[in-house]
Amino acid sequence: MSVAATPKVDAIVADFPILARPTSRGKRLVYLDSAATSQKPRAVIQALVDYYEQYNANIHRGVYEIAARATTEYERARVKLARFVGAQTSEIVWVRNTTEAINLVAYSWGSSNLRAGDALLLTELEHHSDLVPWQLLAQRTGAELRFIPVDDRGVLVLDDLDRLLEGCKLVAIAHVSNTLGTIAPLETIIPRAHAAGAVVLVDGAQGAPHLPVDVKALDADFYTFSGHKMLGPTGIGVLYGKHDLLAAMPPFVTGGDMIRRVEYAHTTFNDPPRKFEAGTSNIADAIAFGVAAEYLQAIGMEWVREHERILTGYALGRLAEFEPRGLAIYGPRDPALVSGVISFNFADVHAHDLASILDTEGVCVRAGHHCTMPLMDKMGWAATARASFYIYNSEADVDALCSGIEKAARVFGV
Amino acid sequence: MSVAATPKVDAIVADFPILARPTSRGKRLVYLDSAATSQKPRAVIQALVDYYEQYNANIHRGVYEIAARATTEYERARVKLARFVGAQTSEIVWVRNTTEAINLVAYSWGSSNLRAGDALLLTELEHHSDLVPWQLLAQRTGAELRFIPVDDRGVLVLDDLDRLLEGCKLVAIAHVSNTLGTIAPLETIIPRAHAAGAVVLVDGAQGAPHLPVDVKALDADFYTFSGHKMLGPTGIGVLYGKHDLLAAMPPFVTGGDMIRRVEYAHTTFNDPPRKFEAGTSNIADAIAFGVAAEYLQAIGMEWVREHERILTGYALGRLAEFEPRGLAIYGPRDPALVSGVISFNFADVHAHDLASILDTEGVCVRAGHHCTMPLMDKMGWAATARASFYIYNSEADVDALCSGIEKAARVFGV
Amino acid sequence: MDDFYRDYILDHYRNPRNFGTLERSDAQAEDLNPLCGDEIRMQLKLDDGVVEDVRFSGKGCAISQASASMLTEMVKGMKLADVAKLSKDAVLENVGIGISPTRMKCAMLGLRVLKSAAIGELAGWPDEE
Amino acid sequence: MDDFYRDYILDHYRNPRNFGTLERSDAQAEDLNPLCGDEIRMQLKLDDGVVEDVRFSGKGCAISQASASMLTEMVKGMKLADVAKLSKDAVLENVGIGISPTRMKCAMLGLRVLKSAAIGELAGWPDEE
Ligand SMILES: Cc1ncc(COP(=O)(O)O)c(C=O)c1O
Ligand SMILES: Cc1ncc(COP(=O)(O)O)c(C=O)c1O
């Protein structure tokens with residue numbers, strides 16, 4: 001029996017209230033869009049309710065009982081996230097999402113470390129959130145943007161890496177591509193980037209939810225991820241940064257709660273991570289994110305990876321059955337190289353139309369450019385349909401996807 | 001019968017689950033710290049649960065049913081907030097909190113409109129969140145920071161306003177002081193600032209929750225506020241900006257979802273408000289904030305203001321009874337001039353000690369500098385205790401505060 | 001939604017009418033749906049304020065392409081002033097039933113571009129930035 | 001928490017021991033609790049590695065001021081090396097029971113400043129920035 005079919009998945013599914021609700025057409029909800037955002041287990045939702053019903057209060061400065069509890073739970077969540085990625089607690093900065101984390105580094109680290117003539121190295125796979133902030137930083141500073149190319153399967157081509165790293169101050173790279181699922185060879189790239197004197201930001205939006213991550217073992221300088229993609233609520237994410245880097249960086253968003261002393265003309269700032277957390281934090285969602293991280297750790301990230309590998313393998317096999325009728329699978333065909341993401345197109349059925357038809361069967365997939373327009377242009381794809389898997393998906397979900405594709409074939413006469 | 005004692009308050013209290021929970025010492029929770037963060041009615045908490053249990057999905061790009069519902073509810077929340085302050089929908093930008101909203105304006109509007117030699121005008125009352133971002137902007141641009149002074153009751157002194165406005169490009173001013181409750185005479189300041197050619201940002205963190213606000217009638221150029229201070233969840237707030245100003249401003253945080261077209265070397269941005277909302281939004285909290293705004297509108301902001309005015313008057317009277325024993329009340333004594341905030345100190349009992357003793361009686365007040373260190377320094381107060389009121393407070397809560405002060409008097413032998 | 005994909009829709013999708021480009025046009029506009037990347041360009045040839053010929057080009061889903069195709073058939077011979085006033089409902093009547101709210105932007109892309117071409121021509125385009 | 005405010009605590013708060021400043025000191029440090037604004041400065045006079053005299057100054061709540069005051073009594077005559085190793089528990093034993101977690105920072109402010117003075121002196125201060 002494959003991991004994907006173990007009773008564990010049934011038990012997991014039972015933890016997710018939304019998966020028990022049929023769609024308006026009475027279909028089972030087959031949620032294959034976790035790369036966009038994941039569903040939430042009951043424990044995470046309950047953490048929000050508990051906070052608001054039992055101890056909602058502003059943190060850090062409160063003397064009274066519920067403020068003390070809120071502060072404790074909020075800081076405890078930071079400890080949980082630190083453990084989740086193998087960091088020190090003071091290296092975990094709460095942000096809204098991956099996008100804000102990357103912007104924080106681009107503004108704060110970027111503006112104080114980058115000069116005209118320096119280079120920034122990205123990859124051709126990057127999500128807009130790991131591209132646009134660097135474009136603007138390059139414009140502001142006069143730095144040059146370079147890209148590690150991808151081959152036609154979306155695998156990074158490292159042949160020219162040393163040349164690309166010359167004069168490079170920062171490398172920003174997705175741990176996992178959200179469009180193709182390809183896993184970046186960080187263990188190769190990071191040491192070589194460091195040898196060339198660059199710091200490395202890993203966009204872990206699709207890494208932390210799906211792979212075991214140890215930022216110290218990776219030796220990433222920055223690692224960014226979003227709660228909502230890993231069972232947590234919307235509105236909360238993490239910037240991990242090495243302590244010395246964070247300590248040397250100027251603040252980004254400023255205001256209440258990140259200061260040491262304020263005078264009318266001058267301010268001294270608190271130490272990291274507080275230095276980067278201005279104003280009232282997203283207290284409830286940080287606490288609930290801590291519960292999500294605990295939930296994942298209880299399942300085991302090794303299991304998560306293995307489950308997705310097996311399920312992706314199964315899905316690649318089932319989708320291949322449609323290839324004679326014009327289904328095209330993008331990205332590597334080897335489940336060892338990809339996290340649980342498959343992008344594809346079916347004959348002349350546009351991805352949006354395919355997604356609409358799948359929706360009538362309760363199957364949720366994403367269609368479009370997946371916030372990687374340049375990659376789509378390069379590859380010559382107008383849009384793709386994307387199925388992405390998580391801990392609550394099973395082979396039955398893949399089968400539902402395939403029945404949906406059959407229906408599209410009927411409707412479109414393919 | 002006073003407004004503060006009407007059955008309406010009892011009905012409101014019944015909507016707030018946390019207010020029905022006794023403290024660990026078995027005391028009734030007397031929550032007098034709404035200026036820090038407000039409590040949340042059941043409807044707001046339920047909105048979060050509904051989202052996560054019924055239609056959690058990423059927005060805007062989703063084709064399937066739950067994504068469509070999430071998008072609709074999220075954008076409907078924006079409409080509710082626009083109505084709440086009398087703005088157009090496209091003028092409502094979702095942010096994390098007031099602090100981020102002010103930073104957005106300081107970075108985006110500030111960096112493209114301010115030059116060395118220009119002036120920025122604040123007041124001596126400002127919260128750190130409406131001071132530190134401007135200090136840093138002034139440093140970056142070489143602009144001069146000026147302050148509208150306050151008298152020893154914390155009332156703004158406008159005698160020199162025209163001189164202060166000379167060469168001034170932006171005025172940033174708290175609608176209501178979080179430390180003293182004083183309401184700024186915006187109807188005087190804004191037209192004169194406009195006449196002098198300055199744009200006006202109103203820090204409405206304490207305005208929107210407590211006073212009827214119509215941004216068009218005020219003619220504010222920017223108005224910023226936080227959901228968590230007005231019955232909404234943590235992690236969501238609003239920047240209101242006049243459409244033409246927002247349209248002319250460069251983006252601040254950049255990445256997915258705020259773009260029109262991205263190429264490897266260049267990006268064109270979406271229109272406001274989306275231009276300013278990068279990455280996955282705080283979808284759940286935005287929707288719940290919409291519910292909070294509806295809840296307040298159903299009660300009526302005129303009623304909220306009147307309720308707080310009466311309650312503040314009652315509290316000022318009750319606190320005055322302690323004056324012979326050394327209680328000092330700061331800020332104006334006229335409830336018409338203040339929103340529901342009273343700062344005070346009692347004899348030689350330090351504010352923190354007072355707050356700790358009040359906590360033993362279930363009474364939650366804030367103690368410290370309230371993120372207004374410069375004001376505290378100017379006034380010569382090391383710290384103050386602050387009681388702040390909201391819709392769920394009643395005269396019984398004020399009485400509990402006073403019993404708590406009696407207890408402090410006994411403990412400290414005052 | 002599956003009701004939407006009728007034969008005549010698929011026919012317009014696969015055999016779009018008035019597809020291509022005019023070498024010289026009197027009014028034109030293009031736009032893209034930033035959410036999905038669908039693009040449409042509309043060109044109009046006018047004769048005394050009346051649409052004499054029309055072409056569209058672009059790429060996208062069946063909904064956006066078929067509605068654009070059907071729209072071009074509808075506006076031939078129409079007064080430009082009437083094109084500028086075309087309503088959402090007019091398009092919806094044309095394409096038929098069953099468009100879900102998420103796909104409305106797809107269905108309206110052609111109309112938006114066409115109206116923008118017509119309104120621009122009527123108003124005189126402002127100087128390009 | 002109300003148990004905390006015993007007579008001897010209030011006595012230390014209102015009549016702090018070793019309060020004031022030394023004109024010349026061998027080691028000193030100051031810090032503030034950024035959450036509440038409480039400030040404490042500690043000065044030490046040393047004789048052959050032993051605390052001969054100590055003064056503190058600052059302002060703050062009964063907890064921070066009384067704990068600092070009691071601490072100064074405790075360290076007179078102590079070896080500087082032992083001051084540098086003083087533990088949280090030593091202070092807590094000294095001030096008595098009942099400090100809630102929210103107020104722990106207040107109770108520890110004096111200790112933090114004192115240890116920073118001692119450690120700095122033992123290590124030799126790095127050049128000031
Ligand atoms: C007047 C004022 N401005 C700004 C803020 C900052 O609000 P937030 O912490 O929600 O960003 C506050 C809240 O404490 C406030 O009272
Ligand atoms: C690889 C990658 N990077 C960045 C992001 C942005 O994440 P968020 O929208 O949570 O900021 C995403 C999410 O779509 C992603 O998949």
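As the structure is a prediction and not an experimental result, all values here were calculated from the model. Order of the sequence lines sets the chain letters (A, B, ...), proteins ahead of strands, with each chain counted from 1.
Proximity to chain B is limited to the backbone of A/Val365, based on heavy atoms less than 4.5 angstrom apart. Proximity to chain B (any heavy atom under 4.5 Å) is shown, for A/Glu124, by both the backbone and the side chain. Heavy atoms of B/Leu375 lying under 4.5 Å from chain A belong to its backbone as well as its side chain. Only the backbone of B/Ser38 comes within contact range of chain A, judged by heavy atoms closer than 4.5 Å. For A/Ile283, the parts lying under 4.5 angstrom from a heavy atom of chain B are both the backbone and the side chain. At a 4.5 Å heavy-atom cutoff, the contact between A/Arg21 and chain B is made by side-chain atoms alone. Proximity to chain A is absent for every atom of B/Ile102, based on heavy atoms less than 4.5 angstrom apart. Within the 4.5 angstrom heavy-atom criterion, only backbone atoms of A/Ser281 (N, CA, C, O) approach chain B. Heavy atoms closer than 4.5 Å to chain B are found in the backbone of A/Ala265, but not in its side chain. Neither the backbone nor the side chain of A/Leu104 comes within less than 4.5 Å of any heavy atom of chain B. Interface remark: A/Asn103 contributes side-chain atoms only to the contact with chain B (heavy atom separation under 4.5 Å). Proximity to chain A (any heavy atom under 4.5 Å) is shown, for B/Tyr264, by both the backbone and the side chain.
Chosen from A/Ala106, A/Ala20, A/Pro250, A/Ala36, the residue pairing most often with chain B at heavy-atom distances under 4.5 Å is A/Ala36. Interface summary for chain B: among A/Tyr51, A/Phe252, A/Trp134, the most heavy-atom pairs under 4.5 angstrom belong to A/Phe252. Here B/Ile45 is the residue among B/Leu122, B/Ile45, B/Leu29, B/Asp130 with the most heavy-atom pairs under 4.5 Å with chain A. If you tally non-hydrogen atom pairs under 4.5 Å between each of A/Ala278, A/Ala284, A/Pro251 and chain B, the highest count goes to A/Ala278. For chain B, the option among A/Thr254, A/Val132, A/Thr37, A/Thr372 with the highest count of heavy-atom pairs below 4.5 Å is A/Thr254. Counting heavy-atom pairs under 4.5 Å between each of A/His266, A/His127, A/Gln139 and chain B puts A/His266 at the top. Taking chain A as the reference chain and counting heavy-atom pairs below 4.5 Å, the highest number among B/Val44, B/Leu358, B/Thr98, B/Thr99 is found for B/Thr99. Ranked by heavy-atom pairs shorter than 4.5 Å toward chain A, the options B/Ile236, B/Leu48, B/Asp33 are led by B/Asp33.
Salt-bridge annotation for A/Asp377 and B/Arg261: present, with a side-chain N of the basic residue lying under 4.0 Å from a carboxylate O of the acidic one. Ion pairing between a basic and an acidic side chain is recognised when a charged N comes within 4.0 Å of a carboxylate O; B/Lys40 and A/Glu53 show no such pairing.
When all heavy atoms of B/Leu131 and A/Val262 are compared, the closest pair comes out as CD2-CG1, 3.7 Å. Scanning both residues, A/Asn97 and B/Thr280, for their nearest heavy atoms gives ND2-O, 2.8 Å. Taking all atoms of both residues into account, the shortest heavy-atom contact from B/Ile59 to A/Arg366 is O-NH1, 4.2 Å. Between A/Gly256 and B/Cys371, the shortest heavy-atom distance links the atoms CA-SG, 4.1 Å. The two residues B/Ser24 and A/Glu65 make their nearest non-hydrogen contact at OG-OE1, 2.6 Å. What you find for B/Ile18 and A/Asn56 is that their closest heavy atoms are CD1-N, 3.5 Å.
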Please lay out, stage by stage, how B/Ile66 and A/Thr23 fare under the test side chain to side chain contact (heavy atoms under 4.5 Å, CB included). CA-CA 8 Å; B/Ile66 55 175; A/Thr23 71; over 6 Å; no
Show the numbers, then the answer: is there a ring pair (Phe, Tyr, Trp, His ring centres under 6.0 Å) between A/Tyr52 and B/Phe16? CA-CA 9 Å; A/Tyr52 288 121; B/Phe16 289 75; over 10 Å; no
Do A/His128 and B/Met258 pass the side chain to side chain contact (heavy atoms under 4.5 Å, CB included) test, and can you show the C-alpha distance, the side-chain angles, and the key distance before you say yes or no? CA-CA 9 Å; A/His128 295 160; B/Met258 48 74 74; over 6 Å; no
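Between B/Glu263 and A/Met373 there is no side-chain heavy-atom pair separated by less than 4.5 Å.
Between B/Tyr64 and A/Tyr31, the two ring planes are perpendicular [angle over 60°; tilted spans 30° to 60°].
Taking CG of A/Asn282 as the start and CG of B/Asp285 as the end, the distance is 5.5 Å to the nearest 0.5 Å.
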